Visitor: 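Below you'll find the structure I mean.
Model, not experiment: these values are computed from the prediction. Every chain is numbered from 1 and lettered A, B, ... according to where its sequence line falls, protein lines coming before strand lines.
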Number of protein chains: 2
Amino acid sequence: MTVTESTPRPDGKDRYTISEVAAFTGLTAHTLRWYERIGLMPHVDRSHTGQRRFTNRDLDWLELVGKLRLTGMPVAGMVRYAELVRQGEHTFGERQQLLQDTRRDVRARISELQDALSVLDYKINYYAGAGAAPCAPEGATS
Amino acid sequence: MTVTESTPRPDGKDRYTISEVAAFTGLTAHTLRWYERIGLMPHVDRSHTGQRRFTNRDLDWLELVGKLRLTGMPVAGMVRYAELVRQGEHTFGERQQLLQDTRRDVRARISELQDALSVLDYKINYYAGAGAAPCAPEGATS
DNA sequence: TAGGACGTTGGAGTGCACTCGAAGCAAGCG
DNA sequence: CGCTTGCTTCGAGTGCACTCCAACGTCCTA
């Protein structure tokens, strides 16, 4: 369902059908086409009959996109990044900035989660040692 | 916009209007009413004219809900937890289980984020030392 | 007692990120 | 040749978590 797992890049191959890519990435074919429509893919090659032929480069890109997606970066942000990549090397600074902003967000998110985790631990402990406390303080009982 | 900040519980007060609670929690009045509708609040008291009067207990509950929300727990899960609380002490075990499941998810999420963070760091470093690399390996240039 | 801020309800609308359906080509196989 | 499988496009639908609206009632201060 979710992506998470690696890309068992099969062999010396470099042209993949959409369903192969779907299998590798865990994304659906629909989603891959949608990514392309919204400008999140760097122009996918086509066969003589117009079918998509993804390359290892595309697979790498999708792996990165997967990571960015895991950070919670909105799709619009990833599209922005893709645009910068398309525009060439002179956007290195801007790309770096975008990634740094994302890093800041991720760091903040991690500490939020760690904070929440400690509340969770506290309550789990409470329930572990409970069952006989008649009038526990507020909040602790919830 | 987002909640994040503490609840400057003003004084010996124990009856708050919806807008006071909104100010304390960072939630909107709309959202507070919605929480009540969907069963995420433990029956809020009313004034003689039918207006909501929240107590410190409600504020505590909302603080917990805020934490659970930060974990990414879906609203349905929080509603489930609220139901268990309403049902009394015999649901302690189930509540603990639910919290433990959530903790597992949060831990997993944290390591996902840390993983993504290292990719981010890698790329940021790349851009930091770049600008002159003509043909960097795939993926590194994205 | 008048004005304005704040409260109530039910239900509809929003934004995001997919997710799916329908209709129609194209390739490969027995 | 017919069949299956897979591809194409466009556009509509889904699920989540709000978010807002309209119409109206209430509270407080001058």
Visitor: Measuring from the side chain of A/Ser19 (C-beta onward, heavy atoms only), which nucleotide among D/dC7, D/dT19, D/dC27 has the closest atom?
Guide: D/dC7

Visitor: Please check if any side-chain donor atom of B/Asn56 sits under 3.5 Å from a side-chain acceptor atom of B/Tyr16, or the reverse.
Guide: yes

Visitor: Under 4.0 Å between a side-chain N/O of B/Arg33 and OP1 or OP2 of C/dT8, yes or no?
Guide: yes

Visitor: Specify the separation, in whole Å, of atom CG of A/Leu32 and atom P of C/dC18.
Guide: 11 Å

Visitor: Could you work out which one of C/dA17, C/dA26, D/dC20 sits closest to the side chain of A/Thr49?
Guide: C/dA26

Visitor: When rounded to the nearest 0.5 angstrom, what is the spacing between CG in A/Leu84 and CD in A/Gln96?
Guide: 12.5 Å

Visitor: Nearest nucleotide by nearest heavy atom, which residue falls closer to the 5' end of DNA chain C, A/Gln51 or A/Thr28?
Guide: A/Thr28

Visitor: Might you confirm whether atom NE2 of A/His43 has over 12 heavy atoms from other residues, nucleotides or ligands at distances under 6.0 Å?
Guide: no

Visitor: Starting from C1' on C/dC18, measure out to CG on A/Leu40 and report it in whole angstrom.
Guide: 13 Å

Visitor: Where the side chain of B/Arg46 is defined as all heavy atoms beyond and including C-beta, which of C/dC18, D/dT26, C/dT8 is the nearest nucleotide?
Guide: C/dT8

Visitor: Consider the side chain of A/Arg69, meaning its heavy atoms from C-beta on, and name the nucleotide among D/dT9, C/dC20, C/dC18 that approaches it most closely.
Guide: C/dC18

Visitor: Rounded to whole Å, please give me the gap between CD in B/Glu36 and C1' in D/dA17.
Guide: 18 Å

Visitor: Just checking B/Ser47: base, sugar-phosphate only, or nothing, at a heavy-atom cut-off of under 4.0 Å?
Guide: nothing

Visitor: Can you tell me how far P of C/dT8 sits from CG of B/Asp45, to the nearest Å?
Guide: 12 Å

Visitor: Given side chain to side chain donor-acceptor pair (under 3.5 Å), test B/Thr102 with B/Asp105 step by step and report yes or no.
Guide: CA-CA 5 Å; B/Thr102 304; B/Asp105 294 347; 5.5 Å; no

Visitor: Between atom CG in B/Leu70 and atom P in D/dA17, what is the gap in whole Å?
Guide: 14 Å

Visitor: Give the nucleotide from the list C/dA27, C/dT9, D/dT8 with an atom nearest to the side chain of A/His48.
Guide: C/dA27

Visitor: Quick check for you: to the nearest 0.5 Å, what is the distance between A/Thr25 atom OG1 and A/Tyr35 atom OH?
Guide: 8.5 Å

Visitor: Tell me whether the OP1 or OP2 atom of C/dC18 has a side-chain N or O from A/Arg37 closer than 4.0 Å.
Guide: no

Visitor: Can you tell me how far C1' of C/dG21 sits from CH2 of A/Trp34, to the nearest Å?
Guide: 18 Å

Visitor: B/Arg52 side chain N/O closer than 4.0 Å to the phosphate oxygens (OP1, OP2) of C/dT8?
Guide: yes

Visitor: Look at the aromatic rings of A/Tyr127 and B/Tyr81 and report parallel, tilted or perpendicular, splitting at 30° and 60°.
Guide: perpendicular

Visitor: Please give, in whole Å, the distance from C/dC16 P to A/Met78 CE?
Guide: 13 Å

Visitor: Whole-Å distance between D/dC27 P and B/Arg15 CZ?
Guide: 12 Å

Visitor: Counting heavy atoms from C-beta on, name the nucleotide in C/dG21, D/dC7, C/dA17 closest to the side chain of A/His30.
Guide: C/dG21

Visitor: Between D/dT8, C/dC18, D/dC18, which nucleotide has the shortest distance from any of its atoms to the side chain of A/Ile18?
Guide: D/dT8

Visitor: Of the listed nucleotides (D/dC27, D/dC21, C/dC18), which one gets closest to any side-chain atom of A/Tyr35?
Guide: C/dC18

Visitor: Choose from D/dC7, D/dT19, C/dC18 the nucleotide whose nearest atom is closest to any side-chain atom of A/Thr31.
Guide: C/dC18

